[in-house]
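Read the structure below first, then the notes.
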Amino acid sequence: MTFPSHRPRRLRTTPAMRRLTAETRLAPAELILPAFIREGLTEPNPITSMPGVVQHTTETLKRAAAEAVELGLGGIMLFGIPENRDAQGTASLDPDGVLNKAIRDVRAEVGDDLVVMSDVCLDEFTDHGHCGVLDADGYVDNDRTVEIYARMAVAQADAGAHMLGPSGMMDGQIAAIRAALDGAGHTSTSVIAYSAKYASAFYGPFREAVDSQLKGDRRTYQMDAGNRTEALREVELDLAEGADIVMVKPAMSYLDIVADVAAMSPVPVAAYQISGEYAMIEAAAANGWIDRRSAITESVLGIRRAGAHMVLTYWAAELAGWLKES
């Protein structure tokens with residue numbers, strides 16, 4: 001017998017062989033495009049820290065949604081940026097507010113050909129930038145915030161959202177939203193829970209994207225980066241409260257959490273490749289330090305390999321185009 005007796009390289013000999021034996025693949029239907037719409041714009045507004053991403057107008061958002069259908073994307077996640085903010089985030093409840101109107105417009109454009117998702121959170125709508133209303137001491141009031149989330153969820157379902165994404169990390173938010181939806185007759189509207197959402201340094205560009213008014217941080221409600229077991233507890237609570245899909249956010253620095261959640265969850269698992277992850281790869285590629293297309297593809301493949309069934313990524317449309325080409 002010649003040495004070596006085992007030769008795994010046999011299955012790497014050609015592109016066709018590697019394609020045949022690949023354990024993890026990417027498909028457009030697994031990708032979700034996050035998209036921002038800003039009230040009052042007449043032209044799309046580029047987000048400087050996220051090259052290639054814009055704050056949309058109504059028309060450009062509708063075109064992006066239509067392109068998502070053509071590319072076979074799984075969904076689009078909508079975030080709205082209002083012209084006027086207040087301490088209670090009241091614009092979030094306005095049926096004709098920027099986000100609820102965008103949901104109606106996108107549903108009218110794509111119907112049921114794309115899963116239309118929307119963000120249920122107050123951070124874009126408050127003048128202090130927190131994900132909930134504040135008490136007299138400046139602490140986010142969990143239960144008052146959850147009451148508002150429930151009303152937001154019904155308003156977004158009324159507007160036509162297929163799936164709602166509560167991202168504020170308030171205790172009990174999934175149960176309250178599920179009860180409110182069912183009570184309003186929206187029993188078919190699903191909930192993608194941001195179950196394990198960490199307080200991360202990589203959210204920086206997103207703050208520009210939504211024109212965040214935040215001073216300070218969100219560490220009293222988002223999870224600590226060092227905690228692993230706590231993530232499973234958060235997921236278990238959301239599952240018990242009725243979550244249809246659970247999410248880990250961010251993705252890159254939390255692939256162990258993605259794998260842990262995928263191993264225990266009876267429902268699909270999503271992961272959000274966030275703005276800082278996007279910005280770092282774009283910056284490195286722009287400097288010629290890495291191959292952009294290869295790095296983008298590898299980064300999303302790694303999230304899928306860790307166990308995510310679906311990935312929210314700002315490269316969703318571009319990546320889907322590459323997948324169609326190949």
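Since the structure is predicted, the reported quantities are computational estimates derived from the model, not experimental observations. For the numbers below, each heavy atom of this structure counts, side chains included, while hydrogens, waters and symmetry mates do not.
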Looking at every heavy atom in both [X] and [Y], which two are closest together, and how far apart are they?
X	Y	value
Phe125	Pro82	CD2-CG, 3.6 Å
Asp238	Ser195	OD2-OG, 2.7 Å
Met169	Tyr194	SD-O, 3.2 Å
Pro4	Arg7	CD-NH2, 3.2 Å

_Same apolar cluster (I L V M F W Y, side chains within < 4.5 Å links), Val154/Val191_ =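 Different clusters: Val154 never reaches Val191 through Ile, Leu, Val, Met, Phe, Trp or Tyr contacts under 4.5 Å.
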Between the main-chain N or O of [Y] and the side-chain N or O of [X], is there a donor-acceptor pair closer than 3.5 Å?
X	Y	result
Asp86	Gln88	yes
Asp94	Thr90	no
Thr57	Glu43	no
Asp141	Arg144	yes

*Full working for side chain to side chain contact (heavy atoms under 4.5 Å, CB included) between Met77 and Ile192*: CA-CA 11 Å; Met77 176 67 80; Ile192 179 169; 4.2 Å; yes
*Have Glu277 and Ser299 got a donor and an acceptor in their side chains that come within less than 3.5 Å?*
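Checked: Glu277/Ser299 side chains show no N/O donor-acceptor pair below 3.5 Å.
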*Without hydrogens or angle criteria, can the side chains of Asp244 and Ser190 be said to hold a donor-acceptor pair below 3.5 Å?*
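No.
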Could I get the full list of salt bridge (charged side-chain N to carboxylate O under 4.0 Å, His left out) partners for [X], not counting sequence neighbours?
X	answer
Glu241	none
Asp96	Arg104
Glu325	Arg293

*From the options Lys197, Glu234, Arg228, select the one residue that forms a side chain to side chain contact (heavy atoms under 4.5 Å, CB included) with Met223.*
Glu234
_Matching residue for Met117 among Ile32, Leu78, Ile103, Ile76 - test: side chain to side chain contact (heavy atoms under 4.5 Å, CB included)_ =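 So the option named by the test is Ile32.
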Measuring from atom [atom1] of [X] to atom [atom2] of [Y], what distance do you get when rounded to the nearest 0.5 angstrom?
X	Y	atom1	atom2	value
Asp260	Leu255	CG	CG	11.0 Å
Ser200	Ile274	OG	CD1	4.0 Å
Arg292	Ile281	CZ	CD1	9.5 Å
Ile37	Glu59	CD1	CD	9.5 Å
Ile148	Gln173	CD1	CD	13.0 Å
Asp105	Asn100	CG	CG	11.0 Å

*By side-chain contact (heavy atoms from CB on, under 4.5 Å), which residues pair with Ala316, not counting sequence neighbours?*
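In terms of side-chain contact (heavy atoms from CB on, under 4.5 Å), with neighbours along the sequence ignored, Ala316 is linked to Leu31, Leu33, Leu73, Thr313.
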*Please name all residues satisfying side-chain contact (heavy atoms from CB on, under 4.5 Å) with Leu11, sequence neighbours left out, ordered by chain then number.*
Met17, Thr21
*Any pair with a residue in residues 54-81 that passes ring-ring contact (aromatic ring centres under 6.0 Å, His included), sequence neighbours left out, goes on the list, sorted by first then second residue, please.*
Phe36-Phe79, Phe79-Phe206
_Per the ring-ring contact (aromatic ring centres under 6.0 Å, His included) rule, what does the pair list look like for residues 249-271, sequence neighbours excluded?_
Tyr198-Tyr254
Residues that [X] engages under side chain to side chain donor-acceptor pair (under 3.5 Å), provided they are two or more places apart:
X	value
Asp291	Ser294
Asp256	none
Ser188	none
Asp113	none

_Can you confirm whether more than 12 heavy atoms, excluding those of Arg151, are under 6.0 Å from its CZ atom?_
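No, the 6.0 Å shell around CZ holds no more than 12 heavy atoms from other groups.
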[Y] and [X], any side-chain heavy atoms less than 4.5 Å apart:
X	Y	result
Met170	Val140	yes
Pro166	Ile174	yes
Lys62	Thr58	yes
Lys249	Leu312	no
Val54	Ile47	no
Glu124	Val98	no
Asp112	Arg107	yes
Leu114	Glu109	no

*Mind running side chain to side chain contact (heavy atoms under 4.5 Å, CB included) on Arg9 and Thr13 for me, showing each step along the way?*
CA-CA 7 Å; Arg9 287 183 57 188; Thr13 52; 6.0 Å; no
*Which residue pairs satisfy the salt bridge (charged side-chain N to carboxylate O under 4.0 Å, His left out) criterion with at least one member in residues 298-307, sequence neighbours excluded?*
Glu30-Arg304
